[in-house]
Amino acid sequence: MATIIDGKKISGDIKNELKDKVAKLNEKNITITLCVIQVGNDSASSIYVRNKKKACEEIGIRSISYELPEETSQEELINLIQELNQRPDINGILVQLPLPKHIDEDTIIKTISPEKDVDGFHPLNVGKLSLGQKGLVSCTPAGVIQLLKRYNIPIEGKECVIVGRSNIVGKPMSMLMLKENATVTICHSKTKNLAEVTKRADILIVAMGKPKFITGEYVKEGAVVIDVGIHRNENNKICGDVDFDDVVDKVSAITPVPGGVGPMTIAMLMHNCVETAMN
Ligand SMILES: Nc1nc(=O)c2c([nH]1)NC[C@@H]1CN(c3ccc(C(=O)N[C@@H](CCC(=O)O)C(=O)O)cc3)C=[N+]21
């Protein structure tokens with residue numbers, strides 16, 4: 001029987017640990033404030049932003065939010081971020097992605113002060129990660145590492161295959177697995193014979209953005225499968241990039257969607273917020 005990796009439970013554990021840390025900081029009169037900026041009103045984004053604010057409340061982090069209209073100009077957004085960068089009472093700044101088409105995401109990300117970049121998206125933090133230096137790490141990949149560690153799944157020396165090469169998940173994920181001494185392969189849309197490669201994986205991490213794409217034929221018997229995908233259909237039902245039912249009897253462990261990697265992203269965001277206040 002496969003272990004169903006309970007991201008909701010682990011994220012709860014992490015949030016409890018953070019709650020104690022925040023309480024200790026509060027005793028020293030240090031408060032933590034996260035600022036979340038959303039431009040436009042994409043419904044999925046609104047759900048995530050709500051979840052982030054709820055997590056802040058749970059562990060004692062103050063959250064403030066800006067809900068800006070879709071028409072907000074790039075310049076206006078940059079001005080707001082620069083103002084928030086200067087404010088000593090704000091520790092973390094998160095600009096919810098995706099942004100409207102007229103705003104360049106790379107420009108916005110590099111405007112956020114690297115010390116307040118709780119998403120870990122700033123080029124300086126990405127660079128530090130690839131150099132093995134301390135910095136803020138992208139929340140979703142960091143959450144995946146926590147899941148593996150807290151389930152005592154060995155990483156060192158294992159074959160890890162990552163499907164997807166995004167700046168937010170695939171690339172930082174590969175750096176983190178490399179740091180844990182896995183042998184890492186990154187696959188993407190131009191990879192030939194994908195199933196042949198994914199079948200080598202002891203640990204298969206899927207972040208390709210295609211609903212239920214990974215079926216049993218892509219997975220080695222006994223592998224650990226981590227599903228980073230999240231898709232919502234017309235009936236608001238959620239699924240991942242992995243065809244869970246087709247794969248579950250073959251694997252030794254697997255993350256469900258929902259209740260797997262998603263809640264971990266939020267827990268690690270909270271972790272990063274606490275990090276910014278410790279410096
Ligand atoms: N600047 C920025 N930082 C992000 O971290 C960021 C972003 N933009 N844009 C969108 C993605 C997506 N993301 C998720 C967060 C939580 C869940 C989550 O809590 N998922 C629950 C289900 C929640 C639901 O009901 O949809 C679960 O999988 O169990 C999912 C996805 C953060 N993102």
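One-based numbering, in listed order, for ligands and for the atoms of each.
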Kindly determine whether K149 and E180 satisfy salt bridge (charged side-chain N to carboxylate O under 4.0 Å, His left out), including the steps that lead there.
CA-CA 10 Å; K149 289 199 167 169; E180 299 297 330; 3.0 Å; yes
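- At distances below 3.5 Å, at least one donor-acceptor pair connects side-chain atoms of H102 with backbone N or O atoms of T72.
- With N193 contributing its side chain and E196 its backbone, the two residues share no donor-acceptor pair below 3.5 Å.
- Counting all heavy atoms, side chain and backbone alike, V22 lies closest to G60 at CG1-O, 3.4 Å.
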Do S113 and E115 pass the side-chain hydrogen bond (donor to acceptor under 3.5 Å, both in side chains) test, and can you show the C-alpha distance, the side-chain angles, and the key distance before you say yes or no?
CA-CA 5 Å; S113 160; E115 291 84 38; 2.9 Å; yes
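- Each of I230 and I266 belongs to its own hydrophobic cluster when Ile, Leu, Val, Met, Phe, Trp and Tyr are linked at side-chain heavy-atom distances under 4.5 angstrom.
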Once you restrict both partners to nitrogen or oxygen, which atoms of ligand 1 have a protein partner under 3.5 Å, and how far apart are they?
| from | atom 1 | to | atom 2 | distance (Å) |
| --- | --- | --- | --- | --- |
| ligand 1 | 1 (N) | V95 | O | 2.8 |
| ligand 1 | 1 (N) | D119 | OD2 | 2.6 |
| ligand 1 | 3 (N) | D119 | OD1 | 2.9 |
| ligand 1 | 3 (N) | D119 | OD2 | 3.4 |
| ligand 1 | 8 (N) | L97 | N | 3.0 |
| ligand 1 | 9 (N) | Q96 | NE2 | 3.1 |
| ligand 1 | 9 (N) | L97 | O | 2.8 |
| ligand 1 | 26 (O) | R232 | NH2 | 2.5 |
| ligand 1 | 29 (O) | G259 | N | 2.6 |

